[in-house]
Amino acid sequence: MSGAFRLAGRGCIDTTRPVVFRFDGQMVRGYAGDTVASALLAEGRHLMGRSFKYHRPRGPVSAGSDEPNALIGVGEGGRYTPNLRATQVEIYGGMVAVSQNRAPSLRFDIGALNTLAAPLLPAGFYYKTFMWPRGFWDKVYEPLIRRAAGLGRAPTAPDPDHYALHYAHCDVLVAGGGPAGLAAALAAGQAGARVILCDENAECGGSLLTDTYSLIDGLPCGEWVVRIVAELQRLPNVQLLTRCSAFNYGPHNMVALNQRLTDHLAMPPTDMPRERIWQVRAREVVLAAGALERVLVFEGNDRPGIMLASAARTYLHRYGVACGRKAIVVTADDAAYRVALDLAEAGMKVAAIADLRPAPGGPLVEAARARGIEVLPATTIQRAHGHLRVTGAELAPVGADGTVGKGRTVSCDLVLMSGGFTPSLHLHSQARGALRFDDALGVYLPGESIERVRSAGSCRGVFALDDVLRDGVAAGLAAAGGETGPVWTVTRQDAPGTGGFAGVLPRRGPGHLALAFVDFQNDVTAKDVKLAVREGFRSIEHVKRYTTTGMATDQGKGSNVNALAIVSNVLGRRPEEIGLTTYRPPYTPVTFGAFAGHARGDQFDPLRLPPMDAWARAQGAVFEDVGLWRRARYFPRAGEDMAMAVARECRAVRAVAGIFDASTLGKIEVAGPDAAEFMNRFYVNAWTKLGVGKCRYGLVCRDSGFVYDDGVVGRIAADRFHVTTTTGGAAGVLNMMEDYLQTEWPDLDVWLTSITEQWAVIALQGPRARDILAPLVDGLDISAGAMPHMALREGTIGGVPMRLFRVSFTGELGYEINVPSSQAQAVWDRVWQAGAAFGLTPYGTEAMHVLRAEKGYLIVGQETDGTMTPGDVGCSWAVSKVKPDFIGKRALALPALNAPDRLQMVGVLTDDPRLVLEEGMQLVPAADSPMPMSAEGHVTSSYFSPALDRSIAIAMVKGGRGRMGTSLYAPSLDGPAVKVMLVDPVFYDPEGARLNG
Amino acid sequence: MLLIDCPYCGPRAEIEFAYGGEAHIARPAADVSEVEWSAFLYLRDNTKGVLAERWRHSHGCGRFFNALRDTRTDQFHAFYEIGTPRPDMGGAV
């Protein structure tokens with residue numbers, strides 16, 4: 001047997017399979033089935049970490065997920081995970097684990113000096129101290145706090161593992177696989193319900209795995225668990241999930257589970273996800289979360305070697321580990337006597353049982369006395385001695401009046417605490433369940449919930465094993481709608497504990513409450529909590545935030561009830577008058593990897609590819625993301641940077657012709673007898689007189705009067721419009737159309753269809769566009785006379801159906817060739833070949849932006865920000881004056897939307913034609929405006945214009961149209977403010993001669 | 001995640017739906033006063049309790065419909081078609 005504290009013949013570990021791992025660089029020998037904590041304890045080692053604030057030496061308090069102290073980092077490189085509970089981490093061969101929060105070493109930590117300064121670090125220390133002087137915050141306090149704060153360290157390498165997400169439905173979800181959960185799951189499963197049972201541990205059984213006393217149907221508890229699990233596994237309608245924590249209870253019985261699949265394996269299969277998040281929609285939920293033993297609050301209660309009594313029992317029976325040679329038990333509850341008896345039976349010395357109750361009695365107490373264990377009634381623990389390990393404790397008598405007399409020091413290497421058991425209410429509370437205080441038990445119990453949820457077993461204050469099993473069966477039957485369930489007879493059990501304690505233990509003198517810890521993980525002491533109340537904090541929620549008690553990653557599992565009791569005592573009010581803080585998810589920490597699931601890298605978002613994406617890639621295009629679309633930004637030739645490539649593309653469009661994949665444009669077909677009337681009501685423009693075969697620029701406002709979207713609309717037939725939207729606005733416009741059509745104008749007979757992906761759009765722009773296109777369109781006459789600007793023709797191109805728009809977003813003669821996406825590449829190739837002789841050039845989104853800015857065409861979302869009217873952006877001409885109503889009409893008449901000092905779209909030119917302004921620059925009245933200065937406007941678009949051979953910009957300026965020719969200044973972080981002149985935003989071909997060519 | 005009972009498709013998870021804000025707010029005619037129009041645009045009850053609200057099954061049938069939801073508990077009390085009056089829940093809610 002490895003480990004001096006390992007007890008032969010005990011525990012459920014597999015002693016035929018030794019496992020060697022590293023902790024802080026040292027080899028540790030354990031066995032399959034050990035946790036890091038149990039393997040270290042088997043070597044007699046309690047010191048496993050340092051605390052967060054004072055860097056105090058700490059060892060495990062618990063043996064499960066409620067562990068506040070023994071937080072470790074596990075794994076290497078990208079697989080490193082910080083802040084795992086050593087009490088839960090299962091060891092495997094070659095595992096590398098490290099302690100946290102220590103420098104330079106666990107045994108000697110320079111940060112522990114903070115303990116000496118503890119009187120100077122009271123509750124609210126940060127709030128108080130770092131208020132002043134104000135200038136110190138950025139330079140001194142924040143870097144200091146940032147270095148000191150936080151648990152563990154974040155891994156820096158990319159995570160090589162993958163994580164899965166799974167949706168599931170069931171009739172009954174049972175959270176917790178202890179006696180109540182097993183009973184509930186079996187009852188529901190036998191009743192025919194689809195059941196999911198999850199348990200956070202490696203195997204089901206809960207408290208039964210450490211109960212060597214009770215007998216169920218004559219069987220030891222462990223054997224009974226094996227039998228029940230086998231029965232559950234035989235039921236095809238029951239799914240058992242171990243290493244799986246229910247961590248969030250969402251609305252409508254959607255419960256999130258975190259299943260850890262490979263962390264316990266030395267050689268995980270490469271195709272297996274490391275963790276899986278289950279989103280379970282359950283018709284009914286049974287919470288069988290159990291109860292957690294409470295720590296006791298006394299001076300030095302955080303010394304390594306001081307732990308919960310139930311934890312010592314777990315280490316003994318699960319792992320065959322004696323947590324020490326000589327124990328003192330301090331208790332206010334009977335259950336600790338059973339632990340003392342188990343320890344004594346295993347050969348450990350129990351020096352004394354200090355019982356806070358004046359006259360403990362009953363069979364367990366008598367059994368302890370009969371065994372020769374010294375039982376000290378009405379006795380408290382005044383303080384614990386020791387540094388890296390507890391060495392003894394002063395046990396002192398409590399008088400009838402509550403005063404504490406002089407005690408005696410008892411040497412020991414283990415102190416076991418039992419303050420009674422706190423039902424785990426986290427999930428019930430997350431399910432918006434009410435809580436009610438039970439005076440008899442001195443704890444909160446679950447009350448009514450609006451969800452279809454019920455609690456069973458000790459999480460609702462039912463503690464005796466036979467009651468727990470019956471409660472579980474009843475809950476399972478109720479959830480499944482079953483009539484009869486399994487019946488078991490508990491043939492031997494302890495009576496449930498009575499008593500329990502919360503708050504600070506009685507003590508003699510003022511003492512060192514500064515070292516009596518309430519919240520171990522956040523280093524919150526009894527003194528901190530008392531101080532918060534004295535300083536005027538009354539609400540438990542405020543005390544929590546001020547002291548940070550209960551705010552650590554353990555979510556106050558061990559600390560909340562003690563903190564509540566301290567506040568209650570100081571205020572002299574009953575606990576239920578003070579209330580409990582809100583339980584928040586997650587119940588236990590969940591990794592970012594599990595939350596991200598497959599949504600990372602290329603899978604983070606869907607990727608939308610326009611039809612000519614492959615062609616653009618073959619041409620060496622550089623791409624940019626536009627919403628979910630990946631669009632070609634420019635097509636560099638050898639030796640070109642972006643500016644050179646964009647300038648060449650722009651010049652080619654103005655001189656010859658360019659070809660551009662505009663397929664991402666949103667497209668909606670509006671069809672039906674009332675299509676024109678719908679368009680009239682939806683757009684600010686008038687549509688009735690738009691003839692078939694013609695297009696018009698359309699502008700959409702919200703009913704607030706602010707521009708929402710724009711795009712060219714073509715009339716295909718009297719009852720059919722081909723609407724285009726901006727690339728980013730497509731879904732929103734369709735949703736808004738559906739909204740008004742379905743909810744405001746159900747009188748209209750109209751159908752709306754998204755055709756964005758059906759029609760690809762090949763933009764052919766430039767003075768030679770017609771020459772290139774004319775031979776390709778199967779006899780369609782596209783001459784200037786037959787097909788003027790803003791005309792629309794249906795036809796074919798090389799036999800492919802086509803909707804041909806003569807429109808321009810460049811200011812040149814241009815066409816947008818709409819063809820079915822499936823045949824777009826073939827049409828593109830044909831146009832490309834036909835254009836080769838002319839010098840046809842592909843251009844990307846960047847050149848498109850420059851070309852439109854030269855023409856002063858706005859981009860919704862770039863010039864506009866959701867507070868711009870059509871008038872603000874120079875589009876008053878588009879707004880119908882005669883329609884009785886349209887979306888935005890009433891608002892556009894509001895005085896505020898017609899104020900003369902509204903931001904208006906203007907052009908902006910710098911004195912230095914080479915200087916390109918930054919988009920987003922503010923414009924102010926004077927070069928030396930004093931701070932703070934108020935802006936007159938801001939730059940929305942800025943480029944170098946190849947056509948003008950100078951920089952150009954578009955800006956939104958207060959009353960801008962009336963300020964043409966005047967100057968403003970653009971303050972810069974890099975140098976002096978830049979002087980700019982306001983001009984007309986149409987920089988190129990203002991007459992539109994080229995457009996109409 | 002809420003479970004929403006689309007009147008046309010049945011119960012579906014919330015991710016299939018888009019929220020549409022408070023229901024039964026009639027769009028006034030274009031000749032109302034500024035105050036009335038502003039109220040239509042911006043004033044909502046911010047109900048604590050049962051709220052009539054609009055949902056759209058945007059990743060399903062695409063239809064808008066109304067629901068009665070208790071904003072304190074997220075529990076739905078009714079789902080009903082656009083254009084039909086708010087169900088009378090009596091003393092139930």
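Protein chains get the first letters and strands the later ones, always in sequence-line order, with residue 1 at the start of each.
- Nearest heavy atom pair, residue A/Pro884 against residue B/Ala30, reads O-CB, 3.8 Å.
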Interchain donor-acceptor contacts below 3.5 Å (chain A, chain B):
{"from": "A/His252", "atom 1": "ND1", "to": "B/Leu3", "atom 2": "N", "distance (Å)": "2.8"}
{"from": "A/His252", "atom 1": "ND1", "to": "B/Leu3", "atom 2": "O", "distance (Å)": "3.4"}
{"from": "A/His252", "atom 1": "NE2", "to": "B/Asp74", "atom 2": "O", "distance (Å)": "2.6"}
{"from": "A/Arg281", "atom 1": "NH1", "to": "B/Met1", "atom 2": "O", "distance (Å)": "2.6"}
{"from": "A/Arg281", "atom 1": "NH2", "to": "B/Met1", "atom 2": "O", "distance (Å)": "3.1"}
{"from": "A/Arg281", "atom 1": "NH2", "to": "B/Leu2", "atom 2": "O", "distance (Å)": "3.1"}
{"from": "A/Arg432", "atom 1": "NH1", "to": "B/Arg72", "atom 2": "O", "distance (Å)": "2.8"}
{"from": "A/Arg432", "atom 1": "NH2", "to": "B/Asp74", "atom 2": "OD2", "distance (Å)": "2.7"}
{"from": "A/Asp703", "atom 1": "O", "to": "B/Trp37", "atom 2": "NE1", "distance (Å)": "3.2"}
{"from": "A/Asp703", "atom 1": "OD1", "to": "B/Arg27", "atom 2": "NE", "distance (Å)": "3.4"}
{"from": "A/Asp703", "atom 1": "OD1", "to": "B/Arg27", "atom 2": "NH2", "distance (Å)": "3.0"}
{"from": "A/Asp703", "atom 1": "OD2", "to": "B/Arg27", "atom 2": "NE", "distance (Å)": "2.5"}
{"from": "A/Asn735", "atom 1": "OD1", "to": "B/Arg56", "atom 2": "NH1", "distance (Å)": "2.7"}
{"from": "A/Asp739", "atom 1": "OD1", "to": "B/Arg54", "atom 2": "NH1", "distance (Å)": "2.7"}
{"from": "A/Asp739", "atom 1": "OD1", "to": "B/Arg54", "atom 2": "NH2", "distance (Å)": "3.2"}
{"from": "A/Asp739", "atom 1": "OD2", "to": "B/Arg54", "atom 2": "NH2", "distance (Å)": "2.6"}
{"from": "A/Gln742", "atom 1": "OE1", "to": "B/Phe64", "atom 2": "N", "distance (Å)": "2.6"}
{"from": "A/Gln742", "atom 1": "NE2", "to": "B/Gly62", "atom 2": "O", "distance (Å)": "3.0"}
{"from": "A/Thr743", "atom 1": "OG1", "to": "B/Arg54", "atom 2": "NH1", "distance (Å)": "3.4"}
{"from": "A/Asp885", "atom 1": "OD2", "to": "B/Arg27", "atom 2": "NH1", "distance (Å)": "2.9"}
{"from": "A/Phe886", "atom 1": "O", "to": "B/Arg27", "atom 2": "NH2", "distance (Å)": "3.3"}
{"from": "A/Arg890", "atom 1": "NE", "to": "B/Val32", "atom 2": "O", "distance (Å)": "2.6"}
{"from": "A/Arg890", "atom 1": "NH2", "to": "B/Val32", "atom 2": "O", "distance (Å)": "3.0"}

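- If you measure heavy-atom distances from B/Ile4 to chain A, you find no contacts under 4.5 Å at all.
- Proximity to chain A (any heavy atom under 4.5 Å) is shown, for B/Ala18, by neither the backbone nor the side chain.
- With a 4.5 Å cut-off on non-hydrogen atoms, A/Pro746 does not touch chain B at all.
- When heavy atoms are compared at a cutoff of 4.5 Å, B/Leu3 approaches chain A by way of both its backbone and its side chain.
- For A/Thr864, the side-chain contact (heavy atoms from CB on, under 4.5 Å) partners are A/Val707, A/Leu858, A/Val860, A/Met868, A/Val873, not counting sequence neighbours.
- At a 4.5 Å heavy-atom cutoff, the contact between B/Leu2 and chain A is made by backbone and side-chain atoms alike.
- Every residue meeting the side-chain contact (heavy atoms from CB on, under 4.5 Å) condition with B/Leu43, not counting sequence neighbours, appears here in chain and number order: B/Ala39.
- Legend: residues meeting ring-ring contact (aromatic ring centres under 6.0 Å, His included) with A/Phe682, ordered by chain and number and at least two apart, are A/Phe678.
- For A/Ala891, the parts sitting under 4.5 Å from any heavy atom of chain B are the backbone and the side chain alike.
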